[in-house]
Protein chains: 2
Amino acid sequence: MSLKNDIATINDRLTRTQRRIAEAVIEDESLLTFGNVTTLAARVGTSRASIVRFATKLGYAGFSELQQSARDEVSKKRTRPSQRVRSDASLEPLQDKIESAVRSVFEVLHQDRLNGMASPLATANHVWVLSGETSRSGAIALTSGLSMVRSNVMLVDEHSTGRELCGAQKGDVAVVFDFSRYRRHAVDAARMLADLGVTIVAITDSPLSPLSSLTDIRCELDIPAVGPFDSSVPAVIVAELLVSQVVRELGDKARDRIDRLETLWQATDTFLI
Amino acid sequence: MSLKNDIATINDRLTRTQRRIAEAVIEDESLLTFGNVTTLAARVGTSRASIVRFATKLGYAGFSELQQSARDEVSKKRTRPSQRVRSDASLEPLQDKIESAVRSVFEVLHQDRLNGMASPLATANHVWVLSGETSRSGAIALTSGLSMVRSNVMLVDEHSTGRELCGAQKGDVAVVFDFSRYRRHAVDAARMLADLGVTIVAITDSPLSPLSSLTDIRCELDIPAVGPFDSSVPAVIVAELLVSQVVRELGDKARDRIDRLETLWQATDTFLI
DNA sequence: CTTCTGATGTAACAAGGTGTACAATAGAGT
DNA sequence: ACTCTATTGTACACCTTGTTACATCAGAAG
């Protein structure tokens with residue numbers, strides 16, 4: 001806003017070419033933030049000197065200072081949501097962190113990426129679910145949801161890794177949740193499965209994660225800290241979105257299975273209502 | 001995404017300083033888009049040459065090309081919202097539902113109520129954690145977090161309810177997660193524990209829940225549906241908030257335990273970093 | 001301990017960018 | 001038509017930046 005304000009305050013004192021320059025930078029701010037004097041001059045169809053004079057007219061020492069100001073402006077815009085100021089009850093910073101983490105999950109997980117991650121889960125022979133510690137809730141959510149809509153979903157516990165995984169083979173899919181400190185057993189198991197030809201779907205927190213080099217089918221989440229530990233909320237959300245997408249892909253097959261499950265529940269009187 | 005992809009595909013071939021560079025540009029993308037070789041090198045604490053080598057390692061001709069790519073990426077991001085309406089159409093209702101569920105968790109869980117639920121967990125002799133199906137992720141999150149900061153935390157599985165609970169007595173606390181259809185075993189177990197004099201902390205979805213009549217220490221959450229199933233996100237958030245509050249109450253005792261846990265992890269080489 | 005390899009830093013260089021002095025130009029007023 | 005002034009373009013000096021060649025250093029292998 002500050003740039004537009006600057007222009008507005010002196011806009012009646014602008015010369016013709018300066019006005020053209022102003023119009024150009026308002027229409028496409030990247031001319032200022034990413035461009036330089038030469039490109040901007042070319043775009044407007046004027047000389048480079050006029051660009052510099054435009055900057056000084058706005059009150060800056062030169063083009064460089066104007067550019068810096070424009071860059072600061074967009075940087076501030078990007079970081080604002082997290083800095084949002086509010087009253088200081090001790091729960092609110094947590095609320096902020098979690099809410100923005102939730103939002104970022106949906107930014108990362110556009111529909112096409114979600115499709116790319118869910119499709120293998122719909123078609124795989126077996127689905128193996130691996131996780132570290134903080135991501136365990138996500139793994140549970142995925143296993144629980146997925147096993148209600150398809151068969152052969154296995155949660156692999158740390159202490160039973162070898163025994164359970166020995167049947168894995170090509171055509172299977174392994175979903176690996178792991179964050180921040182990267183539990184060795186999860187990473188090792190994932191690497192082993194990848195070597196066996198199993199398709200890896202990774203939910204992790206950084207392109208620098210050891211999981212990221214194993215597969216293209218993955219997403220990187222922002223993980224907020226809640227108290228001393230990392231939150232598993234983003235992982236759980238991803239798990240639930242994956243399940244709902246798999247359900248959509250499987251269509252009637254999933255519905256049938258859910259129906260059969262329901263009759264089983266009824267027969268065993270599992271629920272109170 | 002393309003930058004993060006680029007980094008991910010070669011992340012295991014990065015040298016130490018190159019990894020530091022990668023971490024820096026992932027954390028603050030403006031270092032790439034707005035910065036230059038000099039500033040990035042200064043930020044990372046390395047030489048300018050290493051920055052250039054990092055760019056070439058990623059497959060670019062040099063830093064300039066990498067910067068251009070980064071700039072293109074954010075330019076694309078800025079124009080995306082218009083496409084987003086179309087391509088993300090099916091995700092947006094879900095996003096709305098989850099975000100407002102998150103918000104409602106914090107509306108329900110004012111600081112005093114959170115205190116009331118967390119305090120018993122800090123002082124109890126034993127903490128028993130029970131759950132239904134969709135709330136299982138929350139139970140896992142609570143058990144996992146709580147057992148890192150205090151001892152005698154037990155997750156009670158459906159098939160082992162009797163065996164595990166027979167030691168419960170006055171002075172213990174049971175946290176029960178259960179929603180919507182109210183799994184019979186969770187409710188029955190909670191009732192039994194209440195009869196034994198165990199303090200019940202309930203996380204459920206309605207004052208009409210069978211759990212609500214057992215205890216005053218409880219909260220009622222709005223549970224959104226994600227696909228055909230109920231979301232466990234609210235339960236997980238409550239679990240994490242409880243843990244963070246217990247940590248605050250236990251103070252140094254919790255910190256000591258975390259420290260000991262850390263040395264154990266170090267000794268057993270549990271994590272990659 | 002020595003050697004070798006790869007990673008890192010230093011320094012030089014070429015290219016490109018900014019700012020300014022100065023010349024050219026356009027336009028208004030006489 | 002002439003002059004004066006404000007505006008714009010040109011040219012140049014200076015500085016910064018990206019790149020590369022070379023020297024140094026650290027660490028693994030023997």
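Each chain gets a letter, A, B and so on, in the order the sequences are listed, and its residues count up from 1.
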Subject >> First and last nucleotide of DNA chain D, 5' to 3', lying under 4.0 Å from heavy atoms of chain B >> reply: dT17(D) to dT20(D)
**OP:** Name all residues meeting the salt bridge (Lys or Arg N to Asp or Glu O under 4.0 Å) criterion together with Arg255(B); count only those two or more places apart in sequence or in a different chain, and write none if there are none.
**Re:** Asp252(B)
**OP:** Tell me, please, the opening and closing nucleotides of DNA chain C, 5' to 3', among those with an atom under 4.0 angstrom from a non-hydrogen atom of chain A.
**Re:** dG17(C) to dT20(C)
**OP:** Test Ser69(A) against Tyr60(A) for side chain to side chain donor-acceptor pair (under 3.5 Å), laying out the working first.
**Re:** CA-CA 9 Å; Ser69(A) 163; Tyr60(A) 299 97; 3.1 Å; yes
Subject >> All pairs passing ring pair (Phe, Tyr, Trp, His ring centres under 6.0 Å) where residues 26-46 of chain A contributes a residue, at least two apart >> reply: Phe34(A)-Phe34(B)
Original post:
Between Arg218(A) and Glu220(A), does a salt bridge (charged side-chain N to carboxylate O under 4.0 Å, His left out) hold up when you go through it step by step?
Top reply: CA-CA 7 Å; Arg218(A) 65 166 193 278; Glu220(A) 289 106 18; 2.6 Å; yes
Tell me which donor-acceptor pairs under 3.5 Å the side chains of residues 36-44 of chain A have, and how far apart each pair is, sequence neighbours excluded?
from	atom 1	to	atom 2	distance (Å)
Asn36(A)	OD1	Thr38(A)	N	3.1
Asn36(A)	OD1	Thr39(A)	N	2.8
Asn36(A)	OD1	Thr39(A)	OG1	3.2
Thr39(A)	OG1	Asn36(A)	N	3.0
Thr39(A)	OG1	Asn36(A)	O	3.0

Subject >> From CA spacing to verdict: side chain to side chain donor-acceptor pair (under 3.5 Å), Ser50(B), Gln18(B) >> reply: CA-CA 7 Å; Ser50(B) 292; Gln18(B) 284 172 347; over 6 Å; no
Original post:
Between Thr204(A) and Ser209(A), does any side-chain donor sit less than 3.5 Å from a side-chain acceptor?
Top reply: yes
Original post:
Just by distance, with hydrogens left out, do Thr33(A) and Gln67(A) show a side-chain donor and acceptor under 3.5 Å apart?
Top reply: no
Subject >> Donor-acceptor side-chain pairing of Gln245(B) and Arg248(B) below 3.5 angstrom >> reply: yes
**OP:** Ignoring hydrogens and angles, state whether a donor on the side chain of Asp205(A) or Ser180(A) is under 3.5 Å from an acceptor on the partner side chain.
**Re:** no
Original post:
Pick the nucleotide of DNA chain C nearest each of Arg16(B) and Glu65(A); which residue has the one closer to the 5' end?
Top reply: Arg16(B)
Original post:
Does any residue of residues 35-50 of chain B have a heavy atom under 4.0 Å from DNA chain C, and if so, which ones, in number order?
Top reply: Thr46(B), Ser47(B), Arg48(B), Ala49(B), Ser50(B)
